[in-house]
Amino acid sequence: MSTQNVHYLRPVVLCLPPGIPETPSCQWRHTLPASEFRCLTPKGAANMFEIEHEASISVSGLCPLHLDEIQNFLTLCPELSLGWFQEGCLVAFIISSLWDEERLTQESLTLHRPGGHTTHLRVLAVRRTYRQQGKGSCLLWRYLYHLGGRPAVPRAVLRCEDALVPFYKRFGSHQVGRSTVTVTVGSLAFTELQCSLRAASMARNSC
């Protein structure tokens, strides 16, 4: 076929008339994952402290970790943390460290023992607008499953208010007695619990 009468069009940029906004489908934008689980970094410590503060006010009025402590533990052992992000927004998180004694002591409040064989679960917090949706449970199941793949750390330990003991027992935790760590929060009493990470990770991993 002859190409003498074929005219090739030069590509041009089409622009909308002034005052008419582009539709969302025409706009270039970065698409964030709808739901994502990943370890945390010190960069987001202020956001985590805000979420933790909101959660603590509704329960005990005392934050388990202060801002500088969050930054410290996420610097020392970020691999022991887990955050749940939805469209780039942090909705729930867990921060832990390692411990090397049978029970938690006063020192465990501030120390991370790199050679320890126990994961000390320090804080589990859910953003206020996402509570009562099962997100804390789902995040904890994923976290325990993640830790279950670390044979050098076979168990987890935590201390919580008595009212929260039934919640943690759902994940295979068992009471080992009253917490010997001295923290005064009104009339609240604290219980220490432990769980086998391998057993917990095998119990449920579909969340």
Side-chain angles (χ1 to χ4, degrees), residues 37-45 47-49 51-53 55-56 59-60 62-85 90-127 135-161 164-165 167-176 179-181 183 190-201 203-205 207:
F37 296 85
R38 65 174 185 265
C39 293
L40 304 167
T41 67
K43 183 178 179 180
N47 187 24
M48 295 169 222
F49 181 71
I51 296 172
E52 180 200 17
H53 180 70
S56 301
V59 179
S60 65
L62 178 71
C63 290
L65 294 177
H66 296 295
L67 178 57
D68 60 335
E69 293 173 322
I70 293 176
Q71 294 171 326
N72 181 50
F73 287 118
L74 291 182
T75 299
L76 295 174
C77 46
E79 72 282 0
L80 296 176
S81 67
L82 187 65
W84 187 352
F85 296 81
L90 178 64
V91 301
F93 70 92
I94 291 174
I95 295 177
S96 299
S97 59
L98 292 180
W99 188 239
D100 59 358
E101 297 185 29
E102 183 66 22
R103 295 285 300 272
L104 295 176
T105 68
Q106 204 69 27
E107 289 182 319
S108 68
L109 291 178
T110 57
L111 295 181
H112 164 61
R113 297 279 176 77
H117 299 293
T118 298
T119 298
H120 177 192
L121 200 159
R122 295 181 170 277
V123 58
L124 164 59
V126 179
R127 189 179 292 275
K135 284 183 165 48
S137 297
C138 187
L139 177 63
L140 187 53
W141 278 122
R142 282 183 172 267
Y143 184 73
L144 295 176
Y145 179 67
H146 168 70
L147 291 182
R150 299 167 61 97
V153 185
R155 66 173 185 163
V157 63
L158 63 99
R159 44 185 294 279
C160 68
E161 300 89 345
L164 294 176
V165 169
F167 170 79
Y168 287 105
K169 280 189 171 181
R170 290 163 43 196
F171 302 87
S173 297
H174 64 275
Q175 294 175 242
V176 295
S179 173
T180 59
V181 179
V183 177
F190 292 84
T191 297
E192 186 170 325
L193 299 97
Q194 296 179 0
C195 77
S196 164
L197 292 176
R198 180 171 177 81
S201 67
R204 176 178 175 180
N205 59 21
C207 182

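Please read these numbers as outputs of a predicted model, since none were measured by experiment.
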From I70 atom CD1 to I95 atom CD1, the distance as rounded to the nearest 0.5 Å:
5.0 Å

Testing the basics here: between L158 and Y168, what is the closest heavy-atom pair and its distance to 0.1 Å?
CD2-CD2, 3.7 Å

Output every pair passing salt bridge (charged side-chain N to carboxylate O under 4.0 Å, His left out) with a member in residues 144-157, not counting sequence neighbours, ordered by first then second residue.
E102-R155

Residues at least two apart in sequence or cross-chain that pass side chain to side chain donor-acceptor pair (under 3.5 Å) with S97, listed by chain then number, are R122

Working to the nearest 0.5 angstrom, can you tell me the gap between Q106 CD and L111 CG?
11.0 Å

Which residues pass the side chain to side chain contact (heavy atoms under 4.5 Å, CB included) test with H174, not counting sequence neighbours?
V176, Q194

By ring-ring contact (aromatic ring centres under 6.0 Å, His included), F171 pairs with (sequence neighbours left out) W141, F167

For R170, check salt bridge (charged side-chain N to carboxylate O under 4.0 Å, His left out) against everything at least two apart and list the hits.
none

I need the L147 CG to R142 CZ distance, nearest 0.5 Å.
13.5 Å

All side chain to side chain donor-acceptor pair (under 3.5 Å) counterparts of S96, not counting sequence neighbours:
Y143

What are the two closest non-hydrogen atoms of T180 and L104, and how far apart are they?
OG1-O, 3.2 Å

Which distance, rounded to the nearest 0.5 Å, do you find between the SG of C195 and the CG of L140?
8.0 Å

What heavy-atom pair brings H120 and W99 nearest, and what distance separates the two atoms?
CB-CB, 4.4 Å

Kindly state each residue pair satisfying salt bridge (charged side-chain N to carboxylate O under 4.0 Å, His left out) with at least one member in residues 68-77, sequence neighbours excluded.
none

Hits for side chain to side chain contact (heavy atoms under 4.5 Å, CB included) against R38, two or more places apart or cross-chain, chain-then-number order -> E36, F85

Mind checking the OG1-CG spacing from T119 to L144? Nearest 0.5 Å is all I need.
9.0 Å

If you measure from OG on S179 to CZ on R103, what distance do you get to the nearest 0.5 Å?
7.5 Å

H112 side chain vs L98 backbone, donor-acceptor pair below 3.5 Å:
yes

Non-neighbouring partners of N47 that pass side chain to side chain contact (heavy atoms under 4.5 Å, CB included), sequence neighbours left out
E50, I51, L90, R127

With sequence neighbours left out, write down each residue that passes side chain to side chain contact (heavy atoms under 4.5 Å, CB included) with T191, or none if nothing qualifies.
D162, V165, Q175, R178, L193

I'd like a table of donor-acceptor pairs (distance under 3.5 Å, sequence neighbours excluded) in which one partner is a side-chain atom from residues 72-82, with atom names and distances.
unit_1	atom_1	unit_2	atom_2	d
T75	OG1	Q71	O	2.7
S81	OG	L40	N	2.9
S81	OG	P78	O	2.6

Say whether, by atom type as modelled, one donor and one acceptor occur between the side chain of E52 and the main chain of V123 under 3.5 angstrom.
no

